[in-house]
Structure formats: C-alpha cells, structure tokens
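Report on the structure given below.
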Amino acid sequence: MQANSLVVLDFETTGLSPNMGDRAIEIGAVKIKNGEITESFSQLMDPGFRITGFIEDYTGISNHMLKGMPSCAQVMGEFSDFIGDSNLVAHNASFDKRFLDAELALLSKSYSGQFACSMLMARRIYQNAPTHKLGDLIRYKNIPSDGGFHRALYDSQMTVKLWLTMLEDIKQDYGLKDISFSLVKKLIKTPKKSVHEFLNNQK
DNA sequence: TGCCAGGCCCTCTTTAGGGCCTT
C-alpha cells in the first residue's frame, strides 16, 4: 500500500477547461516517499482531435507528436493505478484536479488521496516572492533548472523540488521535526496574515 | 478561426470587481 506516498503531478492539456471540451495531452508525475523520489510517470496521449497552434507553441507538443499515441482512456487508466491511494500535489492544483477528475470520471474511476496545492503553499511561505508562478518560484529559491518549463514530467519534477524546499524552509524557520500532510492542508487554509502565528504554535 | 474556466485572495468588500495562476 502507498499510504505514506505523495504523487506530484502536472497535466499538459488542450486548453483551460474540461467543461468546455478540453482534454489532457500529457501527464507527468513523480512519486515520493519520505522525501525520496521512488517512481515517475510520463506519457503523451491522443485527445482525439487536433490541438491549437497556441498549445503547440506553449507546450512544445505538436499534433505530429500526438499521432499514434495511446488514448486518454488508456493512459489515464494506467495513471490511476500509478497514483493508488497516494495524496496528490500540483502547482495550482485546482486546475490539475479538474482535469484528473474529468478524465477519470470518463473511466468511472476515482481516487482516495487528497490534493494539496504548491501555489497556495508558496503564497503563504514566500509572501515576498515577486510572483507565484512555478518557474519564477524556482528562480526565486535558486533551485537549479534548465528553464525548460511546460512539459509535464519536467514541471512535476520542478514542483517536487519546490515542495521539498518549502517543507525544509518551514522546518528550519519554525524548528519543526516533521511536517505531516494534514498540517500542510491546515496551513493552506490559514489566512496569509496568520501563517507565522499558526506555524509558531505547531512546536 | 477564435474563443472559452474557475478557485483564491485582495480591497476602494461581503448586494463586487479584478488580478493571479494553470493550458
């Protein structure tokens, strides 16, 4: 079982809204246990229609690359097995959750883990960062990267690094030995102006 | 071809509007 594991995931999609007919075209994910990367998942998938030039430019994923790739149903079925009962993290998780829920609903599948959002976390921990975009936060924290954002596995790998950096910063700044997923969920619900007080009370 | 959404969060707020994030 994977009760202690966390899956950090990122979708590339045909647009912003599954309610408007958008589909996933790539899923990238990294599984971590006790702060260590144990597995990864990366797969392009055919949404069943041509993607726009904007999405080709934005992601670097072309219609040519998607031709012959397995269907969303096949890939998401495999991804459902990958995530198991892990908790889930994504940057601006409300976006990735919408697509995960929509794709799995088409397969009559669901998942038992809970989502946490690295962007909402960063807005609380790094309140002075100029922006809370993933790429900008990576630069803000001087985390090594080659700047090749907007592919699913790469972005999920960068999100893992940001996530582990945030946990380490909290531990050091507030003298905490361990940070549970439930503590993270409470932190994300804490108003920004009360974050310092909240973390001080966790000792 | 060109267009689309939605949750969070702040403020000149809560009977609202707009920027930030994600593709």
Side-chain angles (χ1 to χ4, degrees), chain A residues 7-30 41-66 69 72 75-76 79 83 87-106 114-141 143 145 147-163 165-166 184-198:
Chain A
V7 167
V8 181
L9 63 96
D10 183 66
F11 277 106
E12 304 305 317
T13 70
T14 66
L16 292 172
S17 174
N19 285 338
M20 300 295 290
D22 287 316
R23 299 295 300 271
I25 57 173
E26 188 180 42
I27 178 68
V30 175
F41 188 103
S42 177
Q43 183 60 54
L44 290 168
M45 60 193 109
D46 183 354
F49 54 88
R50 289 183 62 81
I51 62 174
T52 64
F54 174 80
I55 294 297
E56 285 189 316
D57 291 342
Y58 187 84
T59 63
I61 298 168
S62 66
N63 282 291
H64 181 72
M65 291 164 65
L66 294 176
M69 286 294 145
C72 294
V75 173
M76 294 310 298
F79 187 63
I83 63 179
N87 285 319
L88 305 162
V89 166
H91 200 71
N92 198 11
S94 69
F95 173 84
D96 294 278
K97 183 178 187 298
R98 279 201 299 279
F99 277 93
L100 181 63
D101 290 354
E103 294 291 350
L104 293 186
L106 292 172
Q114 293 194 339
F115 258 99
C117 176
S118 56
M119 184 188 75
L120 296 182
M121 178 93 142
R123 281 180 177 171
R124 283 159 179 77
I125 302 304
Y126 304 136
Q127 297 192 18
N128 293 325
T131 86
H132 296 89
K133 295 177 184 175
L134 178 60
D136 288 345
L137 286 165
I138 294 296
R139 282 182 282 276
Y140 178 71
K141 292 304 297 179
I143 295 170
S145 83
F149 294 97
H150 300 314
R151 285 299 296 271
L153 180 61
Y154 186 81
D155 281 4
S156 66
Q157 290 168 335
M158 289 300 108
T159 303
V160 167
K161 291 183 179 181
L162 175 65
W163 186 258
T165 298
M166 288 193 289
V184 167
K185 295 281 286 182
K186 288 177 188 171
L187 173 59
I188 287 173
K189 287 183 179 176
T190 301
K192 285 168 69 174
K193 62 184 178 182
S194 305
V195 164
H196 186 63
E197 180 184 13
F198 172 80

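Just so it is clear: chains get the letters A, B, ... in the order the sequence lines come, proteins before strands, and each one is counted from 1.
Residues meeting the ring-ring contact (aromatic ring centres under 6.0 Å, His included) test with A/F41, sequence neighbours left out: A/F79, A/F82. Contacts of A/E12 classified as salt bridge (charged side-chain N to carboxylate O under 4.0 Å, His left out), with partners at least two apart in sequence or in another chain: none.
A salt bridge (charged side-chain N to carboxylate O under 4.0 Å, His left out) check over residues 14-30 of chain A, counting only residues at least two apart or in different chains, returns the pairs A/R23-A/E103, A/E26-A/R151. Here salt bridge (charged side-chain N to carboxylate O under 4.0 Å, His left out) pairs that include residues 46-66 of chain A, with residues two or more places apart or in two chains, number zero.
Ring geometry for A/F54 against A/Y58 counts as parallel: the plane angle stays under 30°, on a 0 to 90° scale with 60° as the upper cut.
Rounded to the nearest Å, the gap between the C1' atom of B/dA5 and that of B/dT23 is 11 Å. Rounded to the nearest Å, the gap between the P atom of B/dG6 and that of B/dG2 is 24 Å. Remark: the separation of the C1' atoms in B/dA16 and B/dC12 is 11 Å, to the nearest Å. Comparing the P positions of B/dC4 and B/dC8 gives an interatomic distance of 23 Å, to the nearest angstrom. Only the C1' atoms considered, B/dG18 is 15 Å distant from B/dT14, to the nearest whole Å. Remark: the separation of the P atoms in B/dC3 and B/dG7 is 24 Å, to the nearest Å.
Checked against B/dC4, B/dG6, B/dC9, the side chain of A/R124 finds its nearest nucleotide in B/dC9.
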For residues 184-193 of chain A, run the donor-acceptor check on the side chains, cut-off 3.5 Å, and write out each pair with its distance to 0.1 Å, sequence neighbours left out.
| from | atom 1 | to | atom 2 | distance (Å) |
| --- | --- | --- | --- | --- |
| A/K185 | NZ | A/F115 | O | 2.6 |
| A/T190 | OG1 | A/K186 | O | 2.8 |

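For A/Q127 and B/dC8, the CD to P distance is 17 Å, given to the nearest whole Å. Straight-line distance from the CG atom of A/L120 to the C1' atom of B/dC20: 11 Å, rounded to whole Å. Between the CG atom of A/L100 and the P atom of B/dG7 there is a distance of 16 Å, given to the nearest Å.
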Collect all protein-nucleotide pairs involving nucleotides 21-23 of chain B in which both atoms are nitrogen or oxygen and the distance is under 3.5 Å.
| from | atom 1 | to | atom 2 | distance (Å) |
| --- | --- | --- | --- | --- |
| B/dC21 | OP1 | A/H132 | N | 2.5 |
| B/dC21 | OP1 | A/H132 | ND1 | 3.2 |
| B/dC21 | O2 | A/N92 | ND2 | 2.7 |
| B/dT22 | OP1 | A/L134 | N | 2.9 |
| B/dT22 | O4' | A/N92 | ND2 | 2.8 |
| B/dT23 | OP2 | A/Y58 | OH | 3.0 |
| B/dT23 | O3' | A/E12 | OE1 | 2.7 |
| B/dT23 | O3' | A/T13 | N | 3.0 |

